[in-house]
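Before any comments, here is the structure.
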Amino acid sequence: MQVLRLYFRHVAIHVRAAMEYRASFALMLVIQVLTPLSALAGVYFLFQNFGALQDWTLPQILLCFAVTYLSFALAECFGRGFDTFSRLIRQGSFDRLMVQPRNLILLTFCSDFALNRVSKIGLALCLLVYAALHAGIRWTAYKLLVLVLMALSGTLVFLGVWIAFAALCFVTIEGLEVVNIFTDGGRELSSYPLDIYLKPVCRFFTLVIPFGVMNYLPLRFLVGKAPAIYGLSPLYALPFLAACVGVFYLGVRHYRSAG
Amino acid sequence: MLITLENIGKDYVVHRKLPGHVLKRERTLVRALGEVSFSIDRGEIVGYIGPNGAGKSTTIKIMSGILTPDRGLCRVDGRIPHKVRKEHVRHIGVVFGQRSSLWWDVPVIDSFNLLRDIYGVDKERYGRTLRRLSEMLDLGPLLRTPARQLSLGQRMRCEVAAALLHEPDILFLDEPTIGLDAVSKLAVRDFILEINRERGVTVLLTTHDMHDIEALAKRVMLLGKGALLYDGSLEAIRERYAGEKQLSLRYARGRLPDRLEGAQIVQADIGHATLRFDPSKTSAQRLFAQLSQLVELRDVSIQEAPLETVMATLYKEMGL
Amino acid sequence: MRPRVWWAVFALRCKNALQYRTAAWAGVCTQFAWGFMLIMLYQAFYRSNAQQSMQFSQLVSYVWLHQAFFAIVNTYARDGEIGEMVISGQVAYELCRPQDLYFIWYARLLAQRFAAALLRFPPVVLVALLLPQPYGLLPPASPWHLLLFLLTLALACLLITAISMIMHTLVFKLMNLLSAMAVLSVFAEFLSGDILPVPFMPPWLRAVSYCLPFRYCADLPFRVYSGSIGLQEAALSVGVQLFWILLLGLLGHAFLSKQLKNVVVQGG
């Protein structure tokens with residue numbers, strides 16, 4: 001509880017700081033929805049040309065797309081500190097966090113909050129509702145729970161990837177651009193159900209970096225292609241996140257011994 | 001002893017790209033700290049000096065629990081900082097002069113309140129501390145201002161206050177006066193002396209400004225190339241390295257000769273002159289005796305060699 | 001007119017940009033990953049319905065060339081220093097120099113794209129050519145297609161730099177390079193066929209893209225290579241490219257001069 005209070009006090013400060021620059025904040029709100037809208041238009045027009053993507057219908061794909069973008073936007077909003085972790089290290093701000101008597105992961109979460117992602121979150125939510133109503137799914141309480149789990153697990157997976165890669169910044173300081181393949185690339189890749197890709201790719205992004213558990217596997221259950229147990233696959237995000245946090249602390253140890 | 005460092009050493013691994021190779025890198029070990037040992041007693045103010053890259057910041061980071069030393073033992077108030085970071089940092093205050101712990105875009109008081117939450121200081125106690133600090137540092141009108149609108153001096157006063165909100169027993173200041181104007185420098189110095197006197201806060205500060213040291217610290221530690229080269233009073237350094245002093249005099253009647261025994265005439269005009277002498281060779285008394293026979297002295301003043309010159313001589317002699 | 005100065009600026013900037021090898025390697029890896037992802041995605045789409053205006057092999061070539069020359073066609077590329085110069089008012093000093101600022105900046109931006117592409121395209125093209133079918137880049141449809149590809153690509157480079165110049169000049173108005181460009185870049189990116197190849201667009205959108213300069217920066221050269229655009233159309237398109245380069249160059253030049261006059265007035 002105390003942790004949450006501390007976090008939301010920080011959020012309040014970041015919101016107040018953002019409100020100091022209203023015009024640029026408003027512009028960012030617009031910019032944040034343009035990219036997903038452009039990607040969405042791409043998906044839509046491809047479907048107009050091809051009619052279907054294997055055995056997936058457009059609303060089902062849109063559901064997949066919406067979960068990915070919602071998760072990503074939520075992760076960006078709350079986990080901005082990890083998304084831009086290399087900056088925290090480069091500017092020496094991490095030293096400042098280290099002299100505060102709190103958990104380092106909590107402090108990093110507190111260090112930034114991207115309020116301007118709310119427009120993207122809103123857009124993704126609208127799309128999610130639209131797709132959920134048109135995907136030919138007969139919604140039950142369990143299925144709704146699964147849908148919530150999907151969005152939450154996706155957020156955790158994106159956060160996990162950032163947290164694990166943040167550990168790399170302790171070693172390289174600069175941050176590696178290549179890791180964008182797994183973050184931005186992962187987002188693009190997982191906006192479609194993973195079974196359209198080659199088997200090894202599908203497996204890698206289900207087991208190692210489990211983007212698949214946020215939409216592909218549970219979606220198969222939702223549309224009736226897999227048994228109900230698949231609906232619980234998003235829970236795999238929890239051990240994944242735990243592993244990423246472990247990697248982060250390994251990195252911290254390296255930082256402390258290497259400067 | 002409040003703080004003890006025994007044979008503390010720290011190396012950095014530096015990767016250097018080899019020219020012509022795409023992937024191969026050269027791994028070199030750079031020794032940031034060789035073997036540094038010292039101890040600081042409760043209530044001391046210690047000045048930590050040395051050229052850039054000597055390892056001052058590294059030592060402070062080790063004592064604050066940010067870095068783990070590769071060798072040796074560091075104890076602060078019985079704690080090994082890096083092992084109990086969270087517990088340790090509750091009892092210390094750190095100011096990195098080059099970085100801010102204030103949130104840039106919100107009023108300073110909001111940053112302070114947030115720090116209260118981070119450190120979990122209880123409300124009543126916090127209120128008392130804040131009142132006292134803003135009185136001493138004259139923060140009143142600054143508290144409602146966003147940090148980005150403060151001048152450097154105003155900001156530094158707020159930074160120092162921010163580091164003390166949780167009433168630490170130990171204060172580490174890494175270049176707290178860098179870039180400050182004269183008034184702010186004096187304000188920060190006075191404040192440090194005051195909290196040291198009043199609450200017995202132990203202070204370790206690094207600085208390049210010798211006047212900080214002169215005003216604050218009875219004890220100076222000189223770090224160079226990762227080793228502790230000197231630990232003692234500033235006076236002793238001055239005596240040893242000050243060398244010549246400057247004597248300015250105004251006189252009526254009489255004339256100065258072209259040469260004086262034991263002193264050098266830097267500049268002479270009718271009625272006033274500037275001499276230079278080395279007190280270890282010629283005592284001031286002998287010089288005066290000689291002068292008073294020649295002229296009628298109206299006014300004299302003796303100036304120390306400027307501290308910067310003293311330190312430059314010292315650094316040079318130490319090979320830094 | 002001082003072509004020698006422009007050349008010097010261009011050469012210096014190229015030399016500068018060529019030093020960022022690590023970034024280039026990261027870029028190559030990223031480009032490969034994206035290329036593979038897109039090809040797998042389209043493969044799945046083609047499995048569902050192969051009757052398309054663009055053959056799969058042509059699409060694969062399109063994707064690889066797009067990845068290989070991404071640095072040239074990237075609509076998001078920007079020169080932070082120019083933005084800084086304008087926002088900080090440093091630009092006033094630039095005006096003291098006797099050269100036409102438009103061409104100096106143009107040379108800078110061109111060099112940035114050119115050098116970045118020079119480092120990135122050889123490994124991508126080479127590996128893509130060696131990949132097994134259907135994932136590999138096929139040889140050009142004919143030597144003539146290759147020739148026209150190279151010509152249209154070179155002109156594309158000039159054209160997108162002219163567009164980029166106008167975007168950079170917008171900083172004078174908006175004072176925030178990132179925001180000013182982000183909005184425009186999203187549209188430019190879509191209309192140039194970066195998100196979705198132009199043949200897959202619905203007819204009305206395709207018509208829009210043909211009326212605007214953006215598709216002549218990316219869509220045109222990459223489709224000429226594989227023969228998805230015929231020789232005749234390609235030759236005609238070269239004329240369109242030249243038209244746009246001239247028009248946007250003149251517009252950009254006039255726009256910049258106007259903004260610079262304002263700077264002088266403001267600066268007193």
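Per chain, numbering begins at 1; letters A, B, ... match sequence-line order.
- With a 6.0 Å radius and a threshold of 12 heavy atoms from other residues, nucleotides or ligands, Phe187(C) has its CZ atom at or below the threshold.
- Heavy-atom neighbours of Phe32(C) CZ from other residues, nucleotides or ligands within 6.0 Å: above the threshold of 12.
- Top candidate by heavy-atom pairs under 4.5 Å with chain A, chosen from Cys29(C), Pro202(C), Pro197(C), is Pro202(C).
- Interface remark: Tyr197(A) contributes backbone and side-chain atoms alike to the contact with chain C (heavy atom separation under 4.5 Å).
- The stretch residues 204-216 of chain C places Trp204(C), Leu205(C) near chain A, each with some heavy atom under 4.5 Å from a heavy atom of that chain.
- Taking all atoms of both residues into account, the shortest heavy-atom contact from Gly42(A) to Leu196(C) is O-CD1, 3.8 Å.
- Taking CG of Leu198(A) as the start and CD of Gln43(C) as the end, the distance is 6.5 Å to the nearest 0.5 Å.
- Interface remark: Val43(A) contributes no atoms to any contact with chain C (heavy atom separation under 4.5 Å).
- A distance of 10.5 Å separates CZ of Phe190(C) from CG of Leu37(A), quoted to the nearest 0.5 Å.
- Of the two parts of Gln54(A), the backbone and the side chain both hold a non-hydrogen atom closer than 4.5 Å to a non-hydrogen atom of chain C.
- Counting non-hydrogen atoms of neighbouring residues, nucleotides and ligands closer than 6.0 angstrom, the CZ atom of Phe114(C) reaches no more than 12 such neighbours.
- A 6.0 Å sphere centred on CD of Gln51(C) holds no more than 12 heavy atoms belonging to other residues, nucleotides or ligands.
- Within 6.0 Å of atom CZ in Phe25(A), more than 12 heavy atoms from other residues, nucleotides or ligands are found, so the atom counts as buried in its surroundings.
- Using a 4.5 Å cut-off between heavy atoms, Leu34(A) touches chain C through backbone and side chain atoms alike.
- More than 12 heavy atoms of other residues, nucleotides or ligands lie within 6.0 Å of OH in Tyr46(C), so this atom counts as buried by the packing criterion.
- The residue among Leu53(A), Ile181(A), Thr35(A), Val30(A) with the most heavy atom pairs within less than 4.5 Å of chain C is Leu53(A).
- Within a 6.0 Å radius of NZ in Lys225(A), more than 12 heavy atoms belonging to other residues, nucleotides or ligands are found.
- Counting all heavy atoms, side chain and backbone alike, Ala39(A) lies closest to Ile195(C) at CA-CG2, 4.4 Å.
- Using non-hydrogen atoms only and a strict 4.5 Å limit, the part of residues 34-42 of chain C facing chain A consists of Trp34(C), Met37(C), Met40(C), Leu41(C), Tyr42(C).
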